[in-house]
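Reviewing the structure listed below.
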Amino acid sequence: SQVVTEADSFAIAAKIAKNPKVKEIHHMFEGKNEREAREQILELVSEYCDRFHNQNKEYKEGDRLPYAARVYDHDEMVKLVDSSLEFWLTSGRYTAQFESEFAKYLGVRFCSLVNSGSSANLLAFMALTSPLLGERAIGRGDEVITVAAGFPTTVTPIIQYGAVPVFVDVTIPQYNIDVTKLEQAYSERTKAVMIAHTLGNPFDLSAVKAFCDRHGLWLVEDNCDALGSEYTIDGRTRLTGTVGDIGTSSFYPPHHMTMGEGGAVYTDNPLLNKIIRSLRDWGRDCVCASGQDNLCGHRFDGQYGELPKGYDHKYVYSHFGYNLKATDMQAAVGCAQLKKFPSFVERRRENFKALYEGLSDLAEYFYLPEAVENSNPSWFGFCMTCRPGTDKNKVVGYIESRNVQTRMLFSGNLIKQPCFDGMRASGTGFRVAGSLENTDLIMENTFWIGVYPGMTEAKLSYMIKTIHEAVLR
């Protein structure tokens with residue numbers, strides 16, 4: 001469909017305002033109550049979406065193949081417009097519905113919707129610094145074990161708070177933390193492990209959880225690239241993000257499901273949930289939802305800090321917080337996506353399998369991805385590391401020239417990035433446990449392609465053919 005620019009939107013709105021036929025639109029609602037008028041609008045929105053958004057043109061070789069894209073239909077657009085008609089511009093009924101249904105899907109007690117996956121990671125980490133956690137709270141100078149071969153916002157909150165990330169190498173071709181190096185990374189200042197399930201492939205949750213339990217450490221699972229992945233631990237199959245103390249998700253458009261921008265933080269721990277909610281909502285001590293007053297019945301009779309007795313509880317702050325809420329319009333889209341989500345996961349697994357089978361004869365050129373033992377990944381991408389003699393830059397250059405989109409494994413080696421220049425020069429603010437040999441290898445020789453649910457057999461076949469050409473031509 002043709003792209004409508006912002007200028008086009010203003011021009012259309014002006015034309016509508018001047019058009020005498022607008023009066024005819026008013027007649028659409030004559031004799032109808034608000035509910036009936038809304039139903040008519042939503043029926044038209046559904047027809048509009050089917051007519052102008054869901055007309056997928058036939059794929060032809062050479063068409064651009066993105067690594068990811070939105071997969072949606074009229075359900076998402078209808079819910080989006082339904083929410084906008086209420087004009088409740090912050091979190092509301094759709095937010096409450098999404099948090100409840102998402103928690104039920106995950107099998108956890110508590111879920112908080114936020115405005116991005118990066119915000120989710122920020123909240124997850126900052127929750128562990130709360131004074132409500134006593135001696136287990138992370139303080140400045142305390143250490144958090146993580147990896148450098150990943151996305152920066154898994155690590156950013158640690159650094160910004162003044163804690164110390166301790167980087168551990170990863171394994172190839174799983175691309176997750178090397179659990180044999182965990183004890184080497186541990187020190188008396190270690191308080192937590194915060195790592196991601198790379199491209200949908202779970203890290204060794206059995207080993208990491210046992211390590212955390214042995215030393216009394218918090219475990220944060222960055223689940224932003226792995227929603228729907230499963231891991232069997234202690235004889236029970238669980239979704240990733242639900243084994244540790246806190247899990248996080250992202251709903252940015254390329255991810256497993258989307259609401260445009262958005263994320264979630266989830267836990268089974270009531271105290272952590274209380275802290276997460278407080279930090280998300282300006283640091284307030286009050287638990288009233290937006291637009292709600294005096295839920296506890298004690299709004300004006302409490303004593304907090306050194307405030308005067310009876311100070312309005314809605315303006316009592318127990319944390320230095322943020323405003324990281326999502327809008328109800330985003331949540332409405334998420335509610336529709338969540339119903340489709342199980343089919344998205346299955347399609348990703350099918351697409352990954354097709355790529356693996358189609359590229360297995362190139363094992364002499366690439367290390368092909370391998371699922372972690374006891375896992376059933378909900379793959380985010382198909383990751384390949386070039387073996388010696390295979391030039392990654394030439395391979396990627398050719399693939400891109402054939403209109404197949406590729407991506408690096410995020411930051412490659414985060415401590416080699418410009419954001420680390422000052423810390424690297426001073427040798428302070430972080431620590432490396434052992435070497436990052438595989439991390440450097442990934443930085444030099446690894447790339448990945450997409451497996452998102454919108455891939456068709458024709459698209460997958462073209463990708464397979466193109467990668468063969470890249471190494472065999």
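Since this is a predicted model, take the numbers as computed values, not measurements. Positions are given from 1 along the sequence.
- Within the cation-pi definition used here (under 6.0 Å to the ring centroid, within 45° of the axis), R284 qualifies as a partner of Y315.
- The cationic atom of K353 (NZ for Lys, CZ for Arg) does not lie both less than 6.0 Å from the six-membered ring centre of W379 and within 45° of the ring axis.
- Proximity of a side-chain donor or acceptor of H256 to a complementary backbone N or O of S378 within less than 3.5 Å is detected.
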side-chain hydrogen bond (donor to acceptor under 3.5 Å, both in side chains) between E76 and Q337: does it pass, once the steps are laid out? CA-CA 7 Å; E76 284 81 355; Q337 284 271 289; 2.8 Å; yes
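- Using modelled atom types, one finds a donor on one side chain and an acceptor on the other under 3.5 Å when comparing Y94 with D82.
- When ring centroids are compared, Y48 and H74 stay outside the 6.0 Å threshold.
- Panel note: side chain D75, backbone A336; no donor-acceptor pair is recorded below 3.5 Å.
- Side-chain atoms of S278 and H319 form a donor-acceptor pair, as typed in the model, at a separation below 3.5 Å.
- Proximity of a side-chain donor or acceptor of D328 to a complementary backbone N or O of G92 within less than 3.5 Å is detected.
- No side-chain N or O of N176 forms a donor-acceptor pair with one of D204 less than 3.5 Å apart.
- The nearest pair of heavy atoms linking A124 to V220 is CB-CG1, 3.9 Å.
- Exactly one residue among D222, V372, I177 makes a side chain to side chain contact (heavy atoms under 4.5 Å, CB included) with F203. That residue is I177.
- Taking the six-membered ring for Trp, Y304 and H313 have ring centres closer than 6.0 Å.
- For the pair R238 and Y231, the cation-pi criterion (under 6.0 Å, within 45° of the ring axis) is not fulfilled.
- Counted by atom type alone, S112 and R277 present one or more donor-acceptor pairs between their side chains at under 3.5 Å.
- Side chain of N413 to main chain of A148: no donor-acceptor pair is present (N/O by atom type, distance under 3.5 Å, no hydrogens or angles).
- Closest heavy-atom contact between M455 and P66: CE-O, 3.5 Å.
- One side chain, Y266 or S249, offers a donor N or O that lies under 3.5 Å from an acceptor on the other.
- W88 does not carry R93 over the face of its six-membered ring by the limits of under 6.0 Å from the centre and within 45° of the normal.
- Between E221 and K209 there is no salt bridge, since no side-chain nitrogen of the basic residue lies less than 4.0 Å from a carboxylate oxygen of the acidic one.
- With L128 as reference, L272 is the one residue of V144, L272, I275 to meet the side chain to side chain contact (heavy atoms under 4.5 Å, CB included) rule.
- Using a distance-only test at 3.5 Å, with no hydrogens or angles considered, no donor-acceptor pair links the side chain of N323 to the main chain of W282.
- Using a distance-only test at 3.5 Å, with no hydrogens or angles considered, no donor-acceptor pair links the side chain of W448 to the main chain of T406.
- Side-chain contact annotation: T153 with T156, donor-acceptor N/O pair under 3.5 Å absent.
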